[in-house]
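Quick notes on the structure that follows.
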Amino acid sequence: MSSENGVGEGGAEGAPPEQLALIRESVRKAKEPRAKPRTWRGAALAERLPVARVLVDKGVLHLDRYFDYAVPADLDADAQPGVRVRVRFGAGRGRVREGRREGGGLIDGFLIERLPESDYSGPLAALAQVVSPERVLSPELLGLARAVADRYAGSLADVLQLAVRRGSVRAVVGTRAAMFAPVQDLGLVALWDDGDDSHSEPHAPQPHARDVLLLRAAQDGCGFLLGGWSCTVEAAQLVESGWARPLVAGREQVRRAAPLVRTVGDLDLARDEAARAARLPTLAWQVVRDALRQGPVLVQVPRRGYVPRTACARCRAAARCRHCSGPLEARDGGALACGWCGRAETGWSCPECGSVRLRAQVVGARRTAEELGRAFPAVPVRTSGREHVLDTVPAAPALVVSTPGAEPVAEGGYAAALLLDGWAMLARPDLRAGEDALRRWIAAAALVRPQEAGGTVVALAEPTLRPVQALVRWDPVGHAVRELAERAELGFPPVSRMAAVSGPRDAVITFLDAVELPAEAEVLGPVPLSVTPAGSPRRTGAPPPGEHWDRALVRVPPGRGAALASALKAAQAARMARGGSGGAGTAEAVRVRIDPPDIG
């Protein structure tokens, strides 16, 4: 507005013109940069590179960035890139101080780099302490951790909490945590049985060891090796893409080393009158009886415990809770309880036929051991499972009942193996059900003597199913290749990339509405998740006991996984940043997981 009409900017009519100049002068002074780090509070700072860029050890997405601190002169020598430090970092009145004001609590962090100056104009808080002068965070480890955080839409601090840091050894052999071990001059990374769910990290951002080692091999230019009795779809994709080459034995060598695999399907059971009342069909009973003359027999049971789930003894209808329709389970002592809500069930009767008699749908390891003990009273029965896992068993005749993954090694190999309740593994509502069943079967069958030495495996599963046929032919690679082709046709992982968004239904819908997804993204759901039973251990990403959560899947085509992860991370960071006003519970209600292993 022109000053000719007597009205100045922000002033009233007739106001003296000096007021405008006064206002502008005060605004100008307020915007001037304040003291530089070198003169912070008059303290003596490092003469060279007085600014430390720090990653604070707070695994929240909206703080997944670096913060600048001043380097006191007495810490100059020790405060080098890669060391652990302690800094002041806190919140006050809903605003994060970000290490740039005095006050706040002391937390751990990593010193990323030293700089001559900061792009922040205000006074910087000083480093409080150098925990140790040892440089535990190398540039290579930092780059790997950043790549993993970006791939899984997680925070860098969370990934670094998972990394085994010194790098003073030439070789590392270990469990999942070894994927981050900083070995000097890394030449090879290797992983055994990448389909085992123990390779999937339960802590945020939940990376898989296979993918971390793939990133590491690409970053360090080293060799990469996957090994196992079976083959995952992801491994088959690496070979099909040309990134990896297969290392497999010839068919003649496989036939010489593998046991004979026999199957018992529904038609066999229908013709076997004894199998209707007994746990073992005639073929399985005969194989066990003959094999016990030669050595131990392995019995694989898909579930541990006594009698996990029940059904009507007359019509076979699943027994359901009257309150929430969850599956009824027989706990120790025979008491019935719901597997979803945990309520005890008394006076049950079948709503289909009115029968009050129950039978086990899947019999657990302990109950199986009891039944086999009665069938073979002169033979010792041993069990191996979560509570008590056996490493080895002697070559003497014995029945060894084990859950998948807990099978002990027998001296000289098992004379035979029974794979019970195969339908229970294959009937899981999971994209990986067939792959996992075949992996567990082959891992158990590999402990049996070769066919030339009389080794026999009996699988109680429908012979016409693809995983069962792959077991009979001992062809896990062929099974993985066919699975990969089907998933490519249907747009399923690993050909596509997927993310799971879970939480209360309204929160999931609100979150998805706020995400700026790639144009090619497809949202599936949300649909209800299973309710966590009361008193059950809390699983990462699972709803709290008794709460009803929904889950939506977001799918993108090949090559768009990075864009999907970036969009979800940005939306989750914005949501958490708003949690100060909406409540921390609100900000944490939605959980995001890239490449969820349990896609139904």
Side-chain angles (χ1 to χ4, degrees), residues 55 80-84 110-113 132-152 154 156-201 203 205-250 253 439 443 446 476-477 480-481 484 494 561-562 565 594-595:
L55 172 71
Q80 300 301 317
V83 303
R84 293 197 69 105
F110 293 96
L111 200 159
I112 302 300
E113 59 179 331
S132 168
E134 182 181 9
R135 301 189 184 190
V136 295
L137 181 59
S138 66
E140 295 78 14
L141 181 57
L142 177 62
L144 175 64
R146 172 51 70 190
V148 172
D150 290 343
R151 189 186 194 284
Y152 285 94
L156 179 59
D158 276 341
V159 177
L160 288 177
Q161 286 183 354
L162 308 175
V164 174
R165 294 184 175 93
R166 284 184 166 80
S168 59
V169 298
R170 300 285 296 173
V172 172
V173 178
T175 55
R176 181 179 59 238
M179 60 185 169
F180 287 110
V183 180
Q184 293 181 354
D185 301 323
L186 188 62
L188 173 70
V189 292
L191 182 67
W192 178 262
D193 193 12
D194 63 308
D196 193 314
D197 56 9
S198 66
H199 290 307
S200 184
E201 174 60 52
H203 299 99
Q206 300 174 301
H208 193 285
R210 175 188 56 243
D211 296 329
V212 173
L213 295 182
L214 281 169
L215 291 171
R216 192 163 184 184
Q219 175 181 288
D220 294 353
C222 66
F224 175 86
L225 176 65
L226 278 183
W229 295 112
S230 191
C231 178
T232 61
V233 176
E234 287 79 6
Q237 185 188 37
L238 291 174
V239 173
E240 184 176 277
S241 67
W243 195 91
R245 294 182 179 179
L247 296 173
V248 295
Q253 183 177 355
R439 183 182 66 82
V477 174
V481 170
L484 180 63
I594 303 295
D595 297 336

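By convention here, the first residue in the shown sequence is residue 1. Keep in mind the model is a prediction, meaning the values are calculated, not measured.
- Scored by the side chain to side chain contact (heavy atoms under 4.5 Å, CB included) test, A147 finds L215 as partners (sequence neighbours excluded).
- Checked against side chain to side chain contact (heavy atoms under 4.5 Å, CB included), V248 has the following partners two or more places apart in sequence or in another chain: V477.
- Distance CG/D193 to CZ/R439: 4.5 Å, rounded to 0.5 Å.
- Residues meeting the salt bridge (Lys or Arg N to Asp or Glu O under 4.0 Å) test with D194, sequence neighbours left out: R210.
- For R176 (side chain) and S198 (main-chain N/O), a donor-acceptor pair under 3.5 Å exists by modelled atom type.
- Remark: side-chain polar atoms of H199 are paired, donor with acceptor, to backbone N or O of W192 under 3.5 angstrom.
- Residues forming a side chain to side chain contact (heavy atoms under 4.5 Å, CB included) with A249 (at least two apart in sequence, or on another chain): Q253, V254.
- In this structure, L137 CG and L160 CG are separated by 5.5 Å, a value rounded to the nearest 0.5 Å.
- Interatomic distance, CG of L225 versus CG of L188, reported as 6.0 Å (0.5 Å rounding).
- Applying the side chain to side chain contact (heavy atoms under 4.5 Å, CB included) rule to E240 yields the partners L484; only residues at least two apart in sequence or on another chain are considered.
- Residue pairs meeting the side-chain hydrogen bond (donor to acceptor under 3.5 Å, both in side chains) criterion with at least one partner in residues 211-220, sequence neighbours excluded, are Y152-D211.
- Here the CE atom belonging to M179 is positioned 9.0 Å from the CG atom belonging to L144, to the nearest 0.5 angstrom.
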